[in-house]
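Any value given below was found using the heavy atoms of this structure, including those in side chains, with hydrogens, waters and symmetry copies removed. It should be emphasised that the depicted structure is a prediction, and the values quoted were computed from it without experimental measurement.
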Amino acid sequence: MSRFFRQLGDSDSDTEESDEELLTSGDEDAPLQKQPQKPSKPTGMSRFLRTAGSGSSSSESESSSDENDSDEDDLGGGAKSDEDESEDEDVKRTIKSTKDKRLDEIEATGKVMDNALKINNWVVISAEFDKLLRLVQRQSNSAEPIPPFFVKTLINLESSLNEAIAKEKEAKKKMNAMNARALNSMKQKIKKALKEHEKEIQQYQADPDAFEREFAAHTQPAETVSARLKRVRQATVDDGGEDEPQADDSFTVVGKGGKAMQFTADAIFKTLKIVNEARGKKNTDRTEQIRILEKLLEVAVTSYQRLRVLLALVSSRFDFNTSVTNYMPVELWLAAQREVDQLISIVALDPSYVVQEHTDEYDELLERSPATEPGGVVRIRGSIISFVDRLDDEFTKSLQNIDPHGTEYVDRLKDEKVLYQTICRAQAYYEHSKQVEPLGRVVMRRLEHIYCKPDAVVGALESSLTSSDVRPNVVLTSTTSNLIHRLCVHLYKVDNSLLRTRAMLSHVYHHALHNDFYTARDMLLMSHLQESIHSADVATQILYNRTVVQLGLCAFRCGLIKEAQATLQDIFATQRVKELLAQGVHQQRYQSQLSPEQERAERSRQLPFHMHINTELLEAAFLISSMLVEIPLLASIESEEQKRKVISKPFRRLLDFADRQVFTGPPESTRDHIMQASKALQDGEWEKCRDLVQNIKIWSLMPEAVSVKEMLANRIQEQGLRTYLFTYAPYYSTLSLSLLSRSFSLSPRTVTSIISKMIWNEELSASLDQSTDTVVFHRIEHSRPQQLAQLISEKINALVEHNEKTLDSKLGGASGWGDRGDVKGEKRGEQTQERRGNRTRGALRGTRGRGSKFAQGLGNQMAELSSQRAH
């Protein structure tokens with residue numbers, strides 16, 4: 001009975017006993033603090049619940065005692081007397097384990113269900129039964145036996161359910177709809193629960209006493225440990241806190257079944273087995289697992305023990321972060337990296353131990369040494385390359401999620417040096433152990449870290465290997481190109497086609513980064529990757545796109561304007577440059593919505609910020625290349641039919657939009673500068689065009705910006721001269737070469753060379769008069785039938801090209817970068833080129849390769865350029 005409802009006749013001893021019962025009750029007593037026992041002072045509530053037998057004297061004594069107590073509290077600032085302190089020492093507390101609390105909760109839930117059965121309330125029974133099943137499932141996840149109380153409750157529920165169903169069929173007044181639905185759902189739940197716990201129910205029905213004794217014996221060790229802790233704590237309280245260090249030392253880590261774990265060298269394998277069995281379960285404390293494995297690593301003695309513990313410890317650290325979107329905490333990542341280094345050092349310096357994925361079966365509870373193993377080599381099941389891959393992936397994931405414009409990104413990027421060192425150490429180990437398949441994977445990881453970086457950064461990464469005790473055979477000796485070449489040559493020899501493809505693309509990218517355009521172009525064309533890249537995985541397609549873009553930038557830096565425009569044309573025609581380069585997510589405004597899974601997958605493929613190719617710089621190179629190709633072509637075309645045939649649709653679209661503007665303000669963006677420069681070039685104002693192009697701020701991000709600006713100035717002068725001649729040739733009969741030389745600031749030799757090429761290519765109907773240093777223009781007036789014949793020829797050629805594209809698509813031509821690579825397609829392409837070569841020379845010279853894909857556009861044009869260079 002509660003002390004708030006005491007009768008007058010209750011004694012002080014009864015009050016003390018009831019207070020002890022309250023203090024030693026289960027979960028409600030945990031937050032209770034130590035309270036002094038004062039028999040003469042009842043609680044404040046009891047005075048309002050007195051019986052009729054209580055007189056005024058009792059109330060007076062209560063008021064006087066309250067006043068005395070308040071005075072005692074006011075005096076001395078809440079200090080306690082010696083009598084109160086002596087009473088505090090007599091207080092006893094009970095500390096319950098989580099398992100005991102769970103069992104109490106199971107019994108309490110069962111009692112609620114019994115009360116609901118008495119009033120036939122199946123709604124409450126259904127809700128409480130769901131709670132009971134969750135508690136029992138938690139009990140099973142903790143590797144604890146099923147309580148007999150739960151089995152007994154299941155059996156009673158089954159009989160009560162059958163009785164309720166029988167009564168419901170015979171009853172005239174049916175129960176309400178909600179209660180009936182709960183009864184039907186309980187029928188299914190009971191049936192499912194009986195099937196799941198059929199074994200325990202049979203054991204209980206066979207011998208209930210034996211079942212309960214077995215459960216009690218299983219729970220006894222945990223109770224023993226709990227009692228021991230209780231005795232130690234009680235002794236500490238009695239001694240006044242003198243033995244606190246002894247109490248702390250007596251705490252023991254309790255494992256499965258309440259058994260104490262021993263962190264000794266002899267019990268390492270047993271503890272490892274317990275940890276591995278708990279790995280991946282729902283209620284497993286991952287932090288506690290890591291702490292246990294760290295202690296095991298401290299007490300490990302032999303190399304075999306350290307290897308086994310390290311393999312489990314690194315795996316546990318990677319298991320700590322189960323989310324796909326979130327990255328691994330930096331502290332855990334650094335700890336895992338150090339442990340992987342330690343693991344590699346042990347197996348690299350001691351060849352008698354080998355870690356590999358496939359080994360013979362062995363007893364994991366026994367110690368192994370080279371002396372007892374066949375061949376003197378201990379083979380341990382594990383995968384170092386998987387650890388290296390996971391380290392690299394988590395590092396990339398962290399860079400994807402950290403703000404690239406803050407200092408945290410720079411600090412995180414510094415960890416790439418230790419990661420690169422770990423990768424090189426793993427490469428050295430696999431070279432020594434001659435494991436071919438993981439060696440190729442780790443070499444590819446190393447190559448991915450250096451293929452796109454400048455020489456200074458690669459040198460800094462390679463300098464970290466000088467202090468390492470384990471070094472690979474391939475290191476930086478002379479130049480980074482030599483290092484990349486040796487790594488790629490190794491990957492060209494492996495059996496994995498994916499690694500070979502990625503190695504080829506990385507090699508091409510590196511050559512393009514170092515302005516070796518012709519080598520990079522020849523390697524890409526000879527690999528025929530453009531024909532099969534559509535069937536590769538997404539990551540390889542992204543690398544292919546990056547390589548093609550870098551090849552276009554390389555051609556632009558080298559002054560090869562036509563090659564740069566043809567290379568960058570295809571990727572800018574899609575209007576999805578950032579997505580194709582994995583530098584931005586899919587724009588959902590114009591196309592169908594992505595599912596959450598597709599969006600997460602696309603975000604996980606994004607490249608870290610420091611690996612991005614500047615899209616504004618890329619757009620500037622493409623638009624300037626298109627300007628230098630398109631503007632002279634527009635000036636050379638006379639009919640509107642020919643003007644509809646464009647080389648660069650994105651550039652022509654921007655140029656048409658700029659022409660429709662009524663008022664043009666000063667240029668602000670890169671596009672504005674280039675569009676106004678294009679207009680100036682059309683008008684023959686090459687100096688204004690040069691100034692507008694060189695004033696673009698993005699050139700500061702271009703390597704060798706000064707030489708690039710000088711190259712652009714020369715190209716603008718040359719194309720300005722060509723545009724001027726195309727535009728004003730009908731209005732001149734002769735034109736002085738010296739005047740052209742002064743107007744465009746070109747040497748007379750350069751002017752003569754440009755005009756000679758135009759005459760040879762039949763782009764210009766003129767001749768050179770060397771005696772007077774003039775250009776004599778020839779006017780050719782076509783008759784009406786000739787004009788119609790030329791128009792019909794152009795339309796027939798357009799129809800043939802359209803039919804060829806339609807045939808290619810129907811015969812299985814791949815959409816995207818690659819084109820159909822069968823023999824028939826190659827022959828048809830050759831026949832098309834022959835037909836194009838039989839046209840009137842100079843009529844449509846500038847439209848060659850227009851509308852083609854990468855294989856037929858860039859590849860065939862470059863082949864022609866190579867043959868021209870050879871001649």
Side-chain angles (χ1 to χ4, degrees), residues 385 389 392-393 396 400 437-438 440-449 451-452 484 487-513 520-552 567-574 576-586 594 597-608 611-613 808-809 811-822 825-826 852-859:
I385 183 61
D389 289 343
D392 199 5
D393 294 340
T396 304
Q400 290 173 346
E437 193 270 336
R441 290 167 59 185
V442 76
V443 170
M444 190 67 240
R445 289 282 178 177
R446 182 183 180 186
L447 182 63
E448 288 175 348
H449 277 273
Y451 80 94
C452 61
I484 298 291
L487 293 176
C488 291
V489 166
H490 174 81
L491 291 173
Y492 294 154
K493 300 177 182 178
V494 300
D495 296 333
N496 193 333
S497 60
L498 176 62
L499 296 182
R500 292 198 304 268
T501 302
R502 294 185 66 85
M504 174 63 71
L505 292 173
S506 302
H507 206 173
V508 173
Y509 190 102
H510 183 76
H511 281 303
L513 191 65
R521 180 202 63 185
D522 294 342
M523 289 181 62
L524 185 62
L525 294 178
M526 288 188 297
S527 65
H528 297 285
L529 289 177
Q530 62 272 13
E531 300 171 3
S532 59
I533 194 62
H534 62 276
S535 61
D537 60 315
V538 179
T540 306
Q541 290 183 14
I542 292 171
L543 180 58
Y544 178 82
N545 296 340
R546 284 169 51 82
T547 304
V548 170
V549 165
Q550 193 60 243
L551 188 64
T567 307
L568 299 176
Q569 168 68 28
D570 288 329
I571 193 167
F572 272 94
T574 61
R576 296 185 297 130
V577 178
K578 286 189 175 182
E579 182 188 352
L580 293 176
L581 297 179
Q583 297 177 189
V585 294
H586 181 74
L594 292 177
E597 292 79 9
Q598 291 175 335
E599 187 173 357
R600 282 195 297 269
E602 188 171 356
R603 290 188 181 277
S604 65
R605 290 192 294 263
Q606 299 300 302
L607 291 174
M611 296 180 65
H612 284 191
I613 298 174
D808 287 343
S809 62
L811 292 180
S815 60
W817 292 105
D819 212 356
R820 195 162 50 88
D822 53 358
E826 293 175 0
S852 303
K853 296 182 181 179
F854 180 84
Q856 293 182 353
L858 176 63

Which atom pair, heavy atoms only, marks the closest approach of [X] to [Y]?
| X | Y | result |
| --- | --- | --- |
| Leu447 | Ser506 | CD2-CB, 3.9 Å |
| Ser604 | Ala601 | OG-O, 2.6 Å |
| Met504 | Leu529 | CG-CD1, 4.0 Å |
| Thr547 | Leu505 | OG1-O, 3.4 Å |
| Ala512 | Ala520 | N-CB, 4.0 Å |

How far apart are the C-alpha atoms of Leu524 and Tyr544, what are their side-chain angles, what is the distance that settles it, and do they pass the side chain to side chain contact (heavy atoms under 4.5 Å, CB included) test?
-> CA-CA 10 Å; Leu524 185 62; Tyr544 178 82; 4.2 Å; yes
Go through Glu579 and Glu602 one step at a time and tell me if the side chain to side chain contact (heavy atoms under 4.5 Å, CB included) criterion holds.
-> CA-CA 9 Å; Glu579 182 188 352; Glu602 188 171 356; 3.5 Å; yes
Heavy-atom side-chain proximity of [X] to [Y] below 4.5 angstrom:
| X | Y | result |
| --- | --- | --- |
| Glu448 | Met444 | yes |
| Val577 | Val549 | no |
| Glu437 | Leu499 | no |

Identify which one of Leu513, Leu543, Leu487 satisfies the side-chain contact (heavy atoms from CB on, under 4.5 Å) criterion when paired with Tyr451.
-> Leu543
Out of curiosity, [X] [atom1] to [Y] [atom2], how far, rounded to the nearest 0.5 Å?
| X | Y | atom1 | atom2 | result |
| --- | --- | --- | --- | --- |
| Leu551 | Thr567 | CG | OG1 | 5.0 Å |
| Leu581 | Arg576 | CG | CZ | 11.0 Å |
| Thr501 | Asp537 | OG1 | CG | 9.0 Å |
| Arg603 | Gln598 | CZ | CD | 13.5 Å |
| Arg546 | His612 | CZ | NE2 | 8.0 Å |

For a quick test of your reading: what N or O donor-acceptor pairs under 3.5 Å do the side chains of residues 488-496 make, sequence neighbours left out?
residue: Tyr492; atom: OH; partner: His507; partner atom: ND1; Å: 3.0
residue: Asn496; atom: OD1; partner: Leu498; partner atom: N; Å: 3.0

For Arg441, all residues meeting side-chain hydrogen bond (donor to acceptor under 3.5 Å, both in side chains), sequence neighbours excluded = Asp389
Would you call Arg446 and Asp392 a salt bridge, taking side-chain N to carboxylate O under 4.0 Å as the test?
-> no
In this structure, are over 12 heavy atoms from other groups packed under 6.0 Å from Arg605 atom CZ?
-> yes
Has the side chain of Gln583 got a donor or acceptor atom that lies under 3.5 Å from a matching backbone atom of Leu607?
-> no
